[in-house]
Number of protein chains: 2
Amino acid sequence: MKKQIKDIVEYLVKHNIKPSYPRIKILEALIEKDSHPNVDEIYNSLLKDAPTLSKTTVYNTLNVFAEAGIVKVLIIDGKEARYDIDTIEHGHFKCDNCDNITDLNISIDDKIISELQGFKIKEKRVYCKGICNKCLSI
Amino acid sequence: MKKQIKDIVEYLVKHNIKPSYPRIKILEALIEKDSHPNVDEIYNSLLKDAPTLSKTTVYNTLNVFAEAGIVKVLIIDGKEARYDIDTIEHGHFKCDNCDNITDLNISIDDKIISELQGFKIKEKRVYCKGICNKCLSI
DNA sequence: AAAGAGAATTGTAATAAATACAAAATTAAA
DNA sequence: TTTAATTTTGTATTTATTACAATTCTCTTT
């Protein structure tokens, strides 16, 4: 279920993000890995191509992406943030054993809207935790 | 919507938790505040009654409670954990402005069960973020 | 009541994710 | 080319949480 983005540079520009080399590389990494990586995974996977890359840049860039709405920051355990390039509303399942995050095809029912009369909703999130099928079958 | 627990000690014992003074006090604080407090709020609110209380004890105790299933740990922002004494399945709304967390009467639809065939689900969570009605009306 | 074992509490130190910040580097504009 | 603006980098800082060992408490057994 890899996100289809033909032209990385164009995609960044379209979202008012200057397409610098680190930004292109970080976006590429996010598209490449559909595993909802954390900062370290992204950082480490790019060190070959961008040896001078700083981890701060990865943090900065992901924040820029989040501000621009092209990544979703997944907070599930509190230990670390995970990043999702797929911005269509959906849920997640995180395995307590392998830490993998898989997508769930789910959206929050509109029933809640009635409960949140007069509230401004910026974000709706759904996730489950447990043990994934792969880990269970080992 | 304050949780009704008649006998604190009995409630702890029933869940195989030795009712020590700090544990009783921390449970009382959780029931008293239905604001989904964080560790610091709990700690500070108890310093009068328990001047020797250590913050580590608050952490330990909340972990004990979570293990025993009598509190839910809410991870919404990643900045800090919030604690909910209400263990019935429901969702939350966190205000970006006042940091208040309110309850939502919502449960995850069983549709996801079909997507998670062969998975062991331990936890289902729903939350929204935005600006609450009080903050909007200021 | 005293002793001893086991459990809980405490305080300090350590861990680690994320941010602050200022200097250096890069890019864009004039 | 010079200048201005933006981005990147590295280090230092912040802060929530855990690790851990020492102390205190509790409960049982003598």
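Quick note on labels: first sequence line is chain A, next is B, and so on, each numbered from 1.
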Between [atom2] on [N] and [atom1] on [X], what's the gap in Å once rounded to a whole number?
X      : N       : atom1 : atom2 : value
I24(B) : dT9(C)  : CD1   : C1'   : 14 Å
D40(B) : dT14(D) : CG    : P     : 16 Å
Y43(B) : dA16(D) : OH    : P     : 13 Å
I17(B) : dT9(C)  : CD1   : C1'   : 16 Å
K79(A) : dA16(D) : NZ    : C1'   : 13 Å
I76(B) : dA16(D) : CD1   : P     : 17 Å
L53(A) : dT8(D)  : CG    : P     : 9 Å
D99(A) : dA17(C) : CG    : P     : 12 Å

Near-strand residues of residues 56-73 of chain A, defined as heavy-atom separation under 4.0 angstrom from DNA chain C:
T56(A), Y59(A), N63(A)
Which nucleotide, [options], lies nearest any side-chain atom of [X]?
X      : options                  : answer
E80(B) : dA18(C), dT9(D), dT17(D) : dT17(D)
P22(A) : dG11(C), dA17(C), dT8(D) : dT8(D)
R23(B) : dA8(C), dA18(C), dT17(D) : dA8(C)

Which part of the nucleic acid does K55(B) contact within heavy-atom distance under 4.0 Å: base, sugar-phosphate only, or nothing?
nothing
Taking atom CG of D40(B) as the centre, report whether more than 12 heavy atoms of other residues, nucleotides or ligands fall under 6.0 Å from it.
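For D40(B), atom CG is crowded (more than 12 foreign heavy atoms under 6.0 Å).
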CD/E67(B): more than 12 non-hydrogen atoms of other groups inside 6.0 Å:
no
Steps toward salt bridge (Lys or Arg N to Asp or Glu O under 4.0 Å) verdict (R82(A), D99(A))
CA-CA 11 Å; R82(A) 304 280 289 259; D99(A) 279 350; 5.3 Å; no
Does the ring centre of F93(A) sit less than 6.0 Å away from the ring centre of Y127(A)?
no
Apply side chain to side chain donor-acceptor pair (under 3.5 Å) to residues H92(B) and D84(B) and explain how you reach the verdict.
CA-CA 10 Å; H92(B) 295 97; D84(B) 192 344; 2.8 Å; yes
5'-most contact on DNA chain D: S20(A) or I75(B), nearest heavy atom basis?
S20(A)
Just by distance, do the side chain of R125(B) and the backbone of V126(A) share a donor-acceptor pair under 3.5 Å?
no
State whether D77(A) and K129(A) are salt-bridged, where the test is any N-O pair (Lys NZ or Arg NE/NH1/NH2 against Asp/Glu carboxylate O) under 4.0 Å.
yes
